[in-house]
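Given the structure is predicted, the values throughout are model-derived calculations rather than measurements.
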Amino acid sequence: MTTFWLKNVRLEKGYKYDQNRIAGTETEITHLKIEDGIIAEITDVLPSSDENQFDANTHLLLPSLQDMHIHIDKTYYGGPWKACTPPTKGIFTRLEEEKELLPKLLPTAQERAEKMIELYLKNGHTHIRTHCNVDPIIGLKNLEATVNALKKYEDVLTYEIVAFPQHGLLKSDSVQLIRDAMKNGATLVGGVDPATVDRNIEKSLYTIFEIAVENNTGVDIHLHDPNTLGAFTFERMAHYTEEAGLKGRATISHGIALADLQGEALCEMAAMLRELEIDVTTTVPVNRTTIPIPALDKLGVKVSVGHDSITDHWSPFGTGNTIQKLGTLAERFRLSDEYSLSKTLKHGTGGVTPLNENGERIWPKIGDEATMMLVDASCSAEAVARRASVQSLFFKGKKVESKLTESNPLEV
């Protein structure tokens, strides 16, 4: 049995009130006993013991983070700086670029992916959902590199791999490739813009869900189309989710059209998504209208954040720092009070927060898995608003350390 004490840990205890208004967060310094990756004891008295101890130095303990939308298979990360070329045909400019770029990146794809994983660990993540190109240009080679990279880190994180037909499931005739990907390490079926890219909403969605049912897995579909076209695609996706029996196993990535819905139309759409437990992942974009995250949250739709890309041919931006992303989310929607800031955390942790709506501690509890991070902040609200730095990360009770040694930059 592996046992150690995590001592001098700051835990949130409850809210402070000023005339019935939440004005702050109470915390306390405690000690946690970790046994075989589980929190076995939480006490304010550190027992005299010869067991291993790790000093948290009064840093705040929070749930570890999740990035629910990233592409670790195609990136410039780990190599020299390279900005994007100007797009002249929108998304299709990037698709044309990939025909030449992906084969050039392939020899170092796994190493680049590993460097991105290390970045995520440094920034407090213990779960990644990565989309991985599966198309006639690269076949299953990017998938192989992605699987190999992630397998090296199975002792410090969990992951999902979306078989992603970036060039269009139908448009690039990638149906069989996606089927093959599901037998070779992919865990979710992906898709992209059944209307704009595949030009056939029904056939594209039907095929995506058919492959998912064949493999008893879920789906995660990139949907960028705006306004009524995007909204109609959501409705058809909901139809196929229900028909396939995949309630709770379908994700809308980006969901740009949600930013175009207001009032009753938004409420009706949210009710449909909530009923089928279709969740949404967003990058919290600032170059276009952001989907109404606080409104969707109040309407019962689960919204998670992701970075999408970190310095690649699609975008030179992206940090892999979800705490920064949550800070941007809070700024974008003017979530500046203590309660709103603290609740923002859940969009990066899979829904977990230390306190519930009544200010009662619901995490961590005795019996919880010791997957968590220490941050330099006094409370969740400050961590989000001030973009707190991650001091230490634990996965199932194991302190996470880097697996990589310094190496020369990778050429593109």
Side-chain angles (χ1 to χ4, degrees), residues 2-12 27 30-40 42 52-68 70 72 77 113-130 149-160 304-307 310 318-327 344-354 363-365 368-380 382-384 386-406:
T2 303
T3 301
F4 74 96
W5 281 92
L6 184 60
K7 65 180 185 179
N8 299 321
V9 178
R10 184 177 301 279
L11 294 183
E12 295 190 356
T27 63
T30 63
H31 316 288
L32 278 61
K33 186 177 185 180
I34 312 298
E35 291 183 349
D36 286 344
I38 301 297
I39 298 173
I42 302 174
N52 294 331
Q53 296 184 4
F54 181 86
D55 195 344
N57 293 311
T58 72
H59 285 127
L60 178 69
L61 191 72
L62 292 177
S64 58
L65 299 167
Q66 303 180 4
D67 188 302
M68 296 304 289
I70 186 63
I72 70 170
Y77 187 73
E114 290 174 11
K115 287 181 178 291
M116 284 184 68
I117 293 168
E118 289 281 347
L119 177 65
Y120 275 112
L121 293 172
K122 178 182 176 182
N123 288 330
H125 299 77
T126 56
H127 184 82
I128 297 171
R129 177 182 289 188
T130 182
L150 287 165
K151 280 187 176 296
K152 291 180 64 173
Y153 291 86
E154 286 182 336
D155 62 328
V156 291
L157 57 74
T158 54
Y159 58 85
E160 301 163 280
S304 299
V305 297
H307 284 81
I310 298 176
T319 64
N321 189 322
T322 291
I323 294 179
Q324 288 184 3
K325 181 75 69 175
L326 295 174
T344 299
L345 182 69
K346 69 181 178 180
H347 298 299
T349 63
V352 183
T353 55
W363 183 93
K365 305 187 303 294
D368 284 349
E369 184 178 274
T371 297
M372 53 206 182
M373 62 180 179
L374 291 167
V375 303
D376 187 13
S378 64
C379 60
S380 297
E382 183 186 17
V384 170
R386 304 304 304 159
R387 279 73 162 177
S389 60
V390 175
Q391 304 300 304
S392 298
L393 178 66
F394 298 85
F395 180 76
K396 297 181 180 180
K398 175 182 179 180
K399 189 174 184 298
V400 178
E401 306 286 358
S402 174
K403 294 177 183 285
L404 292 183
T405 57
E406 291 297 321

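Using cut-offs of 30° and 60° on the angle between ring planes, the pair H307 and Y120 is perpendicular.
For the residue pair E12/T27, the side-chain donor-acceptor check at 3.5 Å is not satisfied. Side chain to side chain, E160 and T130 fail the donor-acceptor criterion of an N or O pair below 3.5 Å. H125 and S64 are not linked by any side-chain donor-acceptor pair at a separation below 3.5 angstrom, with hydrogens and angles left out of the test.
T319 has its side chain out of reach of N123: every pair of non-hydrogen atoms, C-beta onward, lies at least 4.5 Å apart. Taking 4.5 Å as the limit, every side-chain heavy atom of T126 sits out of range of all side-chain heavy atoms of V156. The closest side-chain heavy-atom distance from P354 to L345 is below 4.5 Å. Side-chain contact between F4 and K399 is absent, with no heavy atoms from C-beta onward closer than 4.5 Å. The shortest distance between side-chain heavy atoms of L393 and L121 falls below 4.5 Å.
Salt bridge absent: R129 and D67 never bring a charged side-chain N and a carboxylate O closer than 4.0 Å.
Both the sub-6.0 Å distance and the 45° axial angle are satisfied by K403 relative to the ring of Y153.
Listed for the R10 side chain is a donor-acceptor partner under 3.5 Å among the backbone atoms of T58. Looking only at distances, no side-chain donor or acceptor of H347 sits under 3.5 Å from a matching main-chain atom of T344. Between the D55 side chain and the N57 main chain, a donor and an acceptor come within less than 3.5 Å of each other.
Partners of K152 according to the side-chain hydrogen bond (donor to acceptor under 3.5 Å, both in side chains) rule, which considers only residues two or more places apart in sequence or in another chain, are E114. Not counting sequence neighbours, Q66 has no partner by the side-chain hydrogen bond (donor to acceptor under 3.5 Å, both in side chains) test. The side-chain hydrogen bond (donor to acceptor under 3.5 Å, both in side chains) test applied to S389 returns Q391, not counting sequence neighbours.
Smallest separation of non-hydrogen atoms from F395 and E154: CE2-O, 4.1 Å.
Here the options are V9, V352, I34, the test is side chain to side chain contact (heavy atoms under 4.5 Å, CB included), and the partner is M372; only I34 passes.
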(request) Please lay out, stage by stage, how M116 and I70 fare under the test side chain to side chain contact (heavy atoms under 4.5 Å, CB included). (result) CA-CA 10 Å; M116 284 184 68; I70 186 63; 3.9 Å; yes
